[in-house]
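Values reported hereafter were calculated over all heavy atoms of this structure, with side chains retained and with hydrogens, waters and symmetry mates removed. Every chain is numbered from 1 and lettered A, B, ... according to where its sequence line falls, protein lines coming before strand lines.
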Amino acid sequence: MSAVPLQSKSPVTEEAQAKAQGSNYLNAGHTLASWLLTKDHKRIAVLYLISVSIFFAIGSIAAMMIRLELTSPRGTLMTSETYNKAFTAHGVVMIFFFLIPAIPAVFGNFLIPLMIGARDLAFPRLNLASWYMYMVAGTMFIVAMLRGGVDTGWTFYTPYSSIYSNGEVTLTLLAAFIAGFSSIFTGVNFIATIHKMRAPGMTWWRLPLYVWSHYATSVIIILGTPVVAITLVLVIVERVGKIGIFSPELGGDPVLFQHMFWFYSHPAVYIMVLPAMGVISEIMGCFSRNKVFGYKFVAMSSMGIAALGFVVWGHHMYVSSQSMYQGIVFSLLSYLVAIPSAIKIFNWALTMYKGSVWLASPMIYALGFIGLFTLGGLTGLYLASIGTDVHLTATYFVVAHFHYVMVGGTLMAYLGALHFWWPKMFGRMYPENVAKYNALLVFAGFNLTFLPQFVVGYLGMPRRYHYYYFAPEFQIYHIMSTAGSSVLAISLILPAFYLIKSLKSGPIAPANPWGAKGLEWEATTSPPDKHNFAGIPVVEGDVYDYNAEEEERRLRGERFDGYPHGGADQTPTPKEGVVK
Amino acid sequence: MNFPIVPEQASSFALEYDALFYVITGLTVFFTLFVFVMCMALIIKYRRGSNADRSNPMHHNTLIEVTWSFISLVLGLGIFTWGAKIYMEMREAPDDAMEIFVIGKRWMWHMQHSNGVRENNELHIPIGVPVKLTMISQDVTHAFYVPQFRTQFHVVPGRYTTMWFKATKTGRFNLFCNMHCGTQHSEMGGYVYVLPQNEWAEWMKNGGNRFKAAPKSLAEAGKNLYEEFNCASCHGERDGNRAPSLYGLMGRKREFTDGSSVVADTDYIRQSILKPEGRIVKGYRNLMQPYNFSEEQILSLAEYINTLGSPMPAGTSATAPANPTAMNATPITGAPTR
Amino acid sequence: MALGNLIRYKRKQEVDAVYEQYEELGQQQETYVLGMWTFLVTEIMFFGVLFVAYILYRWQYQPYFFAVHEELDYKMGALNTVNLLFSSFTMALAVHFAQLRKKKQQLLCLAITMGCAAVFMIIKYFEYSKKIEHGLLPGPNFVWTGEGVPANIAQLFFSLYFCMTGLHGIHVVIGLFVIGGLAFMVATDHPAITDYVPTEMVGLYWHFVDLVWIFLYPLFYLMPR
Ligand code: HEA
Ligand code: HEA
Ligand code: CUA
Ligand SMILES: [Cu+2]
């Protein structure tokens, strides 16, 4: 995409990039207040990055507790009640406080204005409010955990949650409710921004696929989240006020809760994965030096997933006493929603066709995503098939399925995004070689953790089970899984170290270290200026106008220093990334 | 250690179920390999610096898009149709199916055969006979799951649900509650015993296990009662929000809301069961209903409570073999109640 | 958004009407209106799911619901319907006068609208307190003496009634404050109010609140057998 800022001849001049070291959004104001009261989308993104990482650590600690406990069929560390609280905390934190906000609120906030050529999101105050809502919700959940925790599972099924459970259910539900508002705010903001704030020349068909996928995500957020919000309120009302909407004692229908919950929570899985798919599109394009294959199909498949995602919620309830025909229709529709995902997978793969594939760390994460998401999605087909789900539902097969799509899929993409845009966000490079091997380690550890769970699930190991001494043959798989999770843990802690270290001692990043296309790379410095662009960029030409052939020619012509565009002389030449 | 990778096939669904399962597995392996090989080939051919021809790159091709969408759709619809067929078989019980009633409550299963024979956490059925379960829950949602039968269904409060199966193999199979229902969800289970038809008839004639032999001890009878009346739904392995733990109760000093106190003995336990509203333990409300047990039953309960170990301090595991709702590999024996 | 404007008000001098992220006023206004509509979509989903729950239960318990609904006073409801419809009319007028920049008439219309909202809440207060007096508030103290209808179904009906009209009532109260804030800003010539767009956005919200009641009234008060 050629971008011509009105006030400068070339996209980012070298002086501008050099000046950016001294004056950028990160050091425009050093007081705490300048961060906590900021309306700058980039700073809010950084705030989100910090808070989301903290919640990921909390959720992970719960995950490791679960894994350690399950090595022995009778457990050794905790009571059943504690175990139930551990997996609930793990699920609630990972879903509501990590995965749903992770990519949209961190990278979406940071990148959407940059990608479409805007100075900020449409409603910066709403954006800040969204972060505060998130923090309030998160704090409430932490308080709930400190006061004893919850043991309902992240799905809060009634009547267990509304009548029987002893834990801090009300506080947790309130926290999830408020977190819902935080994501509604983000969704409203993105929709208004993408509709109305695009730079001149930035037509819909020139939007990066990342923006398309966030548009689809926002549509799901604004249509789905209010439903779950009100549903959670009804559970609170039932629990506190003894006013029953779902209580069977009042003639109510506990299964209605499940319908209302999954009406949001199935689309929510696409809230979690669509932004990740946007990330993969960007990375595949950049590191293949090629326009993403079938751009329009990929863009429209995001919208297709958003639309179809709303009509398949019943596939979580095949055995919950909905009528037989209802179940069969939901099964049919679940197969339809798999098609747009299939389109994306194949298009990403073909993006490398006639490209110039550079296996840098973000690319390895992206390829990892493609592999793991394919497997995760395909195992979703076992579950979408109504007949096979009857045996598999609520077993470890389901646990393995969703970890493949959420950890193998979204978490991989999140890490890919973190590595891809890290130089842009913080203006520093991390040690690329370490990052590359770490990406492979994540891949290996992940498979070791969750592949055995497919088998043990097929054997019939139910999820949310503390003990399994009555079926000792499951143990071997649990041991494998725990072993894998410790490899995974190492590979996930490592990036925290080298990324944080790079902030201080990493080489200074050029404006466009990867030679990527897109306004955020071509028209802003690293890190970007407080006002993003020197002037409002005018977009001419196509999106992803990479040229692999030219790139190769250029590579052959000159000695390549690892960062092909723009920064060679400013960068202490790092060894990694050199292609022989 | 045995190392199974597929579950036993013990019901009439299992064969066809597994066939479909392996077909989808084949498809999964095929597509995963397909994507993997395609990516690998492209990476190698077009890696940076390779001499591949990169002229005239292709950026879209509607024919390819339509082709792979169509192939995925057709394959998907194929699996869907087969799955739907299996599901319809699973949901529609044959007319001649033998009916058994199942009540789920936290955290036990209560089965009632049509001739009145009852069992807890166990189900004895004959091989080769279709069995239809009509199920309801007394409290929260549970799920009746027998992996070797490849089938399960939720047990919902306030409405009856049904499921059916025909066992094709004799033996003992795990019964799991597969819907999170609270603290002891993982232990809400037992076994399904599939017996040869003549043995099963014999079993039925003798009125099931519970009538076969007198209980070995008073404590064991008490344990049965304790399970049958689900005392553990309130009295856990340690003091809970609802009720105090009964572990190690005997001989401990009890303090009551009215300020009085007493050292727990058999008589105190008797009073607590017959008239729980009389003295309320400090820190608790009067949630417990009075139980009208016979003296013998109360004695057995007291005896059983006496065998319970000391209460679990928070944070330790509950491996106590006397765990009241722990499943027992041996058939439960006990006295008829009521 | 109205709230955003209020926060700005404190720093009246330093702001001009176009925020820095926008190019020009037109873009800003379009974005605001689009944002408002998006917000209303979330509101529709909020109420929508309750309506679905209501419809499902009514389907299941049609005759009982019919019998129970006679406890509601359809006259009071009708009064409130007329009241709200009228307030929607005055709100529309307020937008009209805002477009014509007739400040006095606009303020008058806003005041009448607020009056209607207050009257609505007062009538609701009487309705609610009568129900509560009769022990019809769902919960442990619910009493049902009606013939032929099981108490639990009656309670289910009133649970829905209180949840849905309650949520609507909360929206009316919010509307009351938002319109009040707007009127205050118009009256004091707040710099953020350069034209009719803020009034129109508040108007959109108020029409939505009105519309919800138009559905609630027949569903709860006027039930055909
Ligand atoms: C990121 C999150 C995410 C994503 C993207 C998905 C994607 C899918 N999921 Fe998953 N799912 C979850 C997260 C997710 N899921 C979670 C969290 C749960 C458990 C919730 C709980 O109970 O706690 C769950 C549970 C779940 C169930 C319920 C299981 C049960 O409890 O009984 C079902 C059933 O249909 C299902 C199906 C699917 C399907 C069909 C897809 C599809 O979208 C997948 C599409 C992708 C592909 C198919 C791969 C690519 C395609 C090809 C390579 C071409 C070949 C294709 C064909 C032949 C069709 N999922
Ligand atoms: C995003 C979502 C997400 C993620 C990332 C994970 C990650 C992991 N999950 Fe989990 N999981 C869920 C979502 C997720 N999970 C959900 C929704 C459920 C269902 C809950 C329910 O039933 O209600 C579930 C349930 C679940 C179970 C089933 C429990 C049961 O049913 O009884 C298990 C069991 O093995 C498990 C394991 C793991 C493991 C080993 C990881 C590992 O990937 C985690 C390994 C990672 C680390 C160990 C990280 C180490 C890093 C740090 C400690 C921080 C470093 C510091 C900084 C960054 C500052 N998860
Ligand atoms: Cu009963 Cu789980
Ligand atoms: Cu789903």
_Does A:Met363 form a side chain to side chain contact (heavy atoms under 4.5 Å, CB included) with A:Met352? I'd like the steps, not just the answer._
CA-CA 11 Å; A:Met363 183 64 166; A:Met352 292 184 285; 4.0 Å; yes
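- Using a 4.5 Å cut-off between heavy atoms, A:Tyr477 touches chain B through its side chain atoms alone.
- When the candidates A:Gly153, A:Ala342, A:Gly355, A:Ala548 are compared by the number of heavy-atom contacts under 4.5 Å with chain B, A:Gly355 comes out ahead.
- Proximity to chain B is limited to the side chain of A:Phe87, based on heavy atoms less than 4.5 angstrom apart.
- The candidate from A:Ser321, A:Ser320, A:Ser385 with the greatest count of non-hydrogen atom pairs under 4.5 Å with chain B is A:Ser321.
- Ring pair B:Trp109/B:Phe144: centre-to-centre distance below 6.0 Å.
- Looking at B:Ile64, the atoms closer than 4.5 Å to chain A (heavy atoms on both sides) all sit in the side chain, from C-beta outward.
- Heavy-atom pairs under 4.5 Å with chain B peak, among A:Asn290, A:Ile345, A:Leu381, at A:Asn290.
- Aromatic pair A:Tyr396/A:Tyr465: ring centres not closer than 6.0 Å.
- Heavy-atom pairs under 4.5 Å with chain B peak, among A:Met324, A:Arg464, A:Met461, A:Arg463, at A:Met324.
- Using a 4.5 Å cut-off between heavy atoms, B:Gln148 does not touch chain A at all.
- Tested against A:His466, the residues A:Arg74, A:Glu81, A:Glu69 include a single side chain to side chain donor-acceptor pair (under 3.5 Å) partner, A:Glu69.
- Ring orientation note: the planes of B:Phe34 and B:Phe31 are nearly perpendicular, at an angle over 60° on the 30°/60° scale.
- Looking only at heavy-atom pairs under 4.5 Å with chain A, the residue among B:Met179, B:Glu89, B:Met58, B:Glu92 that has the most is B:Met58.
- Chain B forms more heavy-atom pairs under 4.5 Å with one residue of A:Thr155, A:Asn547, A:Leu350, A:Ile163 than with any other, namely A:Leu350.
- Sorted by first and then second residue, the pairs that involve residues 47-80 of chain B and meet ring pair (Phe, Tyr, Trp, His ring centres under 6.0 Å), not counting sequence neighbours, are A:Phe346-B:Trp68.
- Figure legend: cation-pi geometry between A:Arg289 and A:Tyr544 absent, as NZ or CZ is not positioned both under 6.0 Å from the six-membered ring centre and within 45° of its axis.
- Both the backbone and the side chain of A:Leu332 come within contact range of chain B, with heavy atoms under 4.5 Å apart.
- For B:Phe21, the parts lying under 4.5 angstrom from a heavy atom of chain A are both the backbone and the side chain.
- Only the side chain of A:Phe297 comes within less than 4.5 Å of a heavy atom in chain B; its backbone stays farther off.
- Relative to the six-membered ring of B:Phe13, B:Arg150 misses at least one condition, a distance below 6.0 Å or an angle of at most 45° to the axis.
- Of the atoms belonging to A:Thr158, it is backbone heavy atoms, and not side-chain ones, that fall under 4.5 Å from chain B.
- Looking at B:Ser137, there are no atoms closer than 4.5 Å to chain A (heavy atoms on both sides), in backbone or side chain.
- With rounding to the nearest 0.5 angstrom, the OH atom of A:Tyr160 is 4.0 Å from the OG atom of A:Ser165.
- Checked against a 6.0 Å centroid threshold, the rings of A:Tyr353 and A:Phe293 do not count as neighbours.
- Both the backbone and the side chain of A:Ala349 come within less than 4.5 Å of a heavy atom of chain B.
- Residue A:Phe474 touches chain B through its side chain alone, counting heavy-atom pairs closer than 4.5 Å.
- Residue A:Leu367 touches chain B through its side chain alone, counting heavy-atom pairs closer than 4.5 Å.
- At a 4.5 Å heavy-atom cutoff, B:Ala52 makes no contact with chain A through either its backbone or its side chain.
- Taking the six-membered ring where the residue is Trp, the centroids of B:Tyr17 and A:His391 are separated by under 6.0 Å.
- For A:Val456, no part lies under 4.5 angstrom from a heavy atom of chain B.
- With a threshold of 4.5 angstrom between heavy atoms, A:Asn166 approaches chain B through its backbone and through its side chain.
- Considering only heavy-atom pairs separated by less than 4.5 Å from chain A, the leading option among B:Ile86, B:Val29, B:Thr32 is B:Thr32.
- Contacts between A:Phe454 and chain B at a heavy-atom distance below 4.5 Å are absent for every atom of the residue.
- Ionic pairing of A:Asp542 and A:Lys291 is present here: one or more N-O contacts between side-chain nitrogen and carboxylate oxygen are shorter than 4.0 angstrom.
- A cation-pi arrangement is not found for A:Lys85 relative to A:Tyr83, the charged atom failing to lie both closer than 6.0 Å to the ring centre and inside a 45° cone about the ring normal.
- With a 4.5 angstrom heavy-atom cutoff, B:Cys39 touches chain A via backbone and side-chain atoms both.
- For B:Thr151, the parts lying under 4.5 angstrom from a heavy atom of chain A are both the backbone and the side chain.
- Interface remark: A:Ile339 contributes side-chain atoms only to the contact with chain B (heavy atom separation under 4.5 Å).
- Interface remark: A:Pro159 contributes backbone and side-chain atoms alike to the contact with chain B (heavy atom separation under 4.5 Å).
- Side-chain contact between A:His315 and A:Ser331 is absent, with no heavy-atom pair separated by less than 4.5 Å.
- Residues B:Ser50 and B:Lys45 form no side-chain contact, since every pair of their non-hydrogen atoms from C-beta on lies 4.5 Å or further apart.
- With a threshold of 4.5 angstrom between heavy atoms, B:Asn178 approaches chain A through its backbone and through its side chain.
- Note on A:Thr351, A:Leu359, A:Val455, A:Ile328: by heavy-atom pairs under 4.5 Å with chain B, the leading option is A:Ile328.
- Contact of B:Met88 with chain A is made through backbone and side chain together, with heavy-atom distances under 4.5 Å.
- Partners of B:Phe149 under the ring-ring contact (aromatic ring centres under 6.0 Å, His included) rule, at least two apart in sequence or in another chain, are B:Phe165, B:Phe173.
- Checking A:Thr82 against A:Thr79 by side-chain atom types alone, a donor-acceptor pair falls below 3.5 Å.
- Between A:Tyr467 and A:Ser80, the closest heavy-atom pair is CE1-OG, 3.5 Å.
- The contact between B:Val35 and chain A is made entirely by side chain atoms (from C-beta outward), counting heavy-atom distances below 4.5 Å.
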